[in-house]
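Accompanying notes for the structure given below.
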Amino acid sequence: IIGDEYRWPKTIPYYMEDDLEINAKGVILKAFEQYRLKTCIDFKPWSGESNYISIFKGGGCFSSVGNRHVGKQRLSIGRNCDRIATIEHEFLHALGFWHEMSRSDRDDYVRIMWDRISEGKENNFKTYDDTTSSSLGVPYDYGSMMHYSKNAFRNGTEPTIITKIPDFSDVIGQRMEFSDSDLLKLHRLYNCTQGSTFLDSCDFERENICGMIQGEGDQAEWVRVAEAAGGPDTDYSNMGKCTGSGYFMHFSTGTANNGDTALLESRLLYPKRGFQCLQFFYYNSAGPSDKLKIYVREYDKANANGTLRFIKTIDGSPQQLWQLHHVSLDVKTKFRVVFEGSKEGTGPSTGGLSLDDINLSETTCPEFIWRVKNFSHVMDNTTVNTPIFSPPFTSKEGYRFQMGLYPSGKEGYPGELSAYAHLVASAGDSGQKWPCPWKQMTMMLMDQHPHILKRMSNQRSVTTDPNMKATDSQQFFWDDPRKVGSEVTDADGSRYFRGPGAGTAVYLTHLRAKSRDFIKGGDAIFLLTMEDVSHLTVTQPVPSTAEPPITSGPTGSTGSTGSTATSENCLNVQCLNEGICMVDAGKAVCRCAVGDDWWYYGDTCQNRGSVMDKTNLALATSLSVLAVMLLVTVVSVICVKKKYKKRRGDSSFIMANVHA
Amino acid sequence: LPTEKLSDYDVDGGRDLDIFDINEEAGLDLAEGDIVLDGRQTRNS
């Protein structure tokens, strides 16, 4: 939307209303993290700023476009809206973005099938001219998360939107993550230079190896190569698909002497948050005793040359495979990440340690990795309604869970991946509280693009509500799996109980799963986490200097009554001067626009007030009071004077026989 | 031993609903499906 007045500050105050679902609150925080990683937009809890976004559970998912300067600007994340892409979509509206479909040049790229649109819905396919809306010099984006899907607002079974390039027919309407163009537009609109929590990314395709350096004091070197004797044969970024590219860093333990080390250090990095996640792909074709260790070199005034601090040794025996690793860091000063390869014993005369696709960001690391090998084959050769399960993982709080994946979908959903999260318990488990309280399990199919900012991973989250009852039973759904689950025997012979699953039959279509880098080298990687979200059951504090937000009444409560009521009750109410009509205690009322030193008021926001008016009013009132007081004083003086004058006149009268 | 086996729970109700479908089911009639307009933005249809 064109107009600086619609821009928010780069850090947006938000208030999460109490009526939001706990899972939605958790996903909203995840969406904020994506904004922080990929853009310069940040979010902070409302602390009394004049304008803020109030996120509530309305009857659907909706937002205004841009900063409306109404004080409390509402954004609804209702039932079924608690998906990260939906939340990012609504916040893009709030930040000032219309749909991609409403671009002025839309008709150059898609054909609207007007006769297939539901009656009365045609106005959803209007375009804005370039005096209202700007494309910011970015080409039309079929992959935008702000694009309608091909069946939007249809009246039958035929698509309403036909892309002029047929290959994009199933691309439009993706609700996975920001596209590159979404991010480019956001960066241009808000003058971003880079993501707030992004630090570095390197796929070693360029000869400068992203400013990384060979460390001092070592005996061997890391070398940029396209293949290595003993493996790997290709890099991980391109998997050898592109001639003349596809490089990675390799430390040859085959040619190194026993005891040799090789240090590869990142460029200087400047942390802001104090916690980081280092992610990289690692190929170990070295001897069984050779090691890869991760250090950080930290700099401060006392240590201008930096101090090396050991973080961890990357475990694992040699494998003919690029493996994904995550390392959590906690650096607070200027630093470098250091990869130390060491040859520590006899081994093969070829092979070594290899690194590729390094990403470093100030985010938390995913906790668990589930790699499904030969995934295309698994998708094509698993019958419908047949699940495969990840190994059970144990969370920090001691709960165990696993992901159940239906590679060919649940019954009735062919061509889909269906995904469910299950709690797990074994016979001897103890110490957990049941039903499991407020743990959010996230299942992410990783887009394995080399650059973290260009990934469009697909994720869904479910949260264990300890009060939730099973649909077909009086049992608590998230109760002890030994009570509400069934016993299973794993491939390794271990036995445990698996609770019922919560998730979705429509996690991702096969078509999308086969797009981008969801499958690389034949494999899919699922990143799983279980986080405690019990802190989100508590009301967000209201700033002491500000008035409390209006409790969501009929408009803000659950179900569909809210916004429907708003639209119906407000049909006959016109709010002037950018006022917005909403329903409060069953009545349509206007909420008027306010600024820092001005405001509108009145039933229809017809009057304008300002700080200047208020001063003038106070001055006029004071002067009037003074004048009235003066008048009263003068009248009183005159009256008293008159009275005494009369008395003096009366004193000439002589009373006789007073003492008689 | 488990008393009974509970069925899985589908958070999407087994349907692949986009934002616009969710809002339509909720009875909302918003601009472009999910945009709240104010007086200045309302377009003459």
Side-chain angles (χ1 to χ4, degrees), chain A residues 59-65 68 70 74 78-81 86 89-90 93 98-99 101-102 123-124 126 148-149 152-153 173 175 412-413 416 420 460 462 470-473 475 477 482-487 497 499-506 559-560 563-564 567 574-580, chain B:
Chain A
C61 343
F62 53 85
S63 169
S64 306
V65 174
R68 313 308 302 182
V70 289
R74 291 155 73 83
R79 192 163 167 266
N80 292 330
C81 304
T86 302
H89 178 113
E90 296 309 329
H93 280 317
W98 302 102
H99 291 122
M101 291 289 301
S102 64
N123 57 351
N124 293 320
K126 287 188 165 185
Y148 289 174
S149 59
F153 305 105
R175 304 281 177 258
Y413 302 94
E416 292 276 352
Y420 293 81
R460 292 300 299 270
V462 293
T471 45
D472 47 3
S473 159
Q475 305 242 41
F477 188 87
R482 288 166 291 192
K483 194 170 157 190
V484 296
S486 50
E487 190 171 26
F497 289 88
T504 175
V506 289
S560 61
S563 299
T564 313
S567 52
Q574 194 188 6
C575 302
L576 305 171
N577 298 311
E578 297 182 44
I580 288 178
Chain B
L1 287 174
T3 49
E4 57 185 308
K5 188 180 183 305
L6 300 184
S7 309
D8 290 345
Y9 171 65
D10 195 311
V11 295
D12 295 324
R15 294 177 307 159
D16 191 8
L17 296 180
D18 197 3
I19 297 166
F20 314 104
D21 308 314
I22 293 166
N23 288 351
E24 192 173 4
E25 277 206 351
L28 297 179
D29 187 18
L30 299 168
E32 298 182 28
D34 68 338
I35 294 175
V36 178
L37 296 180
D38 62 21
R40 191 165 51 165
Q41 286 174 306
T42 307
R43 286 175 294 164
N44 191 348
S45 58

Atom group of A:Arg79 that falls short of 4.5 Å from chain B, counting heavy atoms: backbone

Non-hydrogen atoms of chain B under 4.5 Å away: do they reach the side chain of A:His99, the backbone, both or neither? both

Applying a strict 4.5 Å limit to non-hydrogen atoms, the region of A:Phe477 in contact with chain B is both

Looking only at non-hydrogen atoms, find the nearest pair between B:Ile35 and A:Trp98 and report the distance. CD1-CE3, 3.8 Å

Highest number of heavy-atom pairs under 4.5 Å with chain B: which of A:Ala502, A:Cys61, A:Ser149? A:Cys61

Is the shortest side-chain heavy-atom distance between B:Val36 and A:Arg74 below 4.5 Å? no

Which of B:Ile19, B:Asp21, B:Ile22, B:Leu17 touches chain A most, by non-hydrogen pairs under 4.5 Å: B:Ile19

Decide yes or no for A:Pro500 and B:Tyr9: does some side-chain heavy atom of the first lie under 4.5 Å from some side-chain heavy atom of the second? no

Side chain to side chain contact (heavy atoms under 4.5 Å, CB included), that's the test. Do B:Glu25 and A:Asn80 meet it? Break it down for me. CA-CA 11 Å; B:Glu25 277 206 351; A:Asn80 292 330; over 6 Å; no

B:Asp18 portion near chain A, given a 4.5 angstrom heavy-atom threshold: side chain

Taking B:Asp12's backbone N and O only, do any of them form a donor-acceptor pair with B:Arg15's side chain (distance below 3.5 Å, no angle check)? no

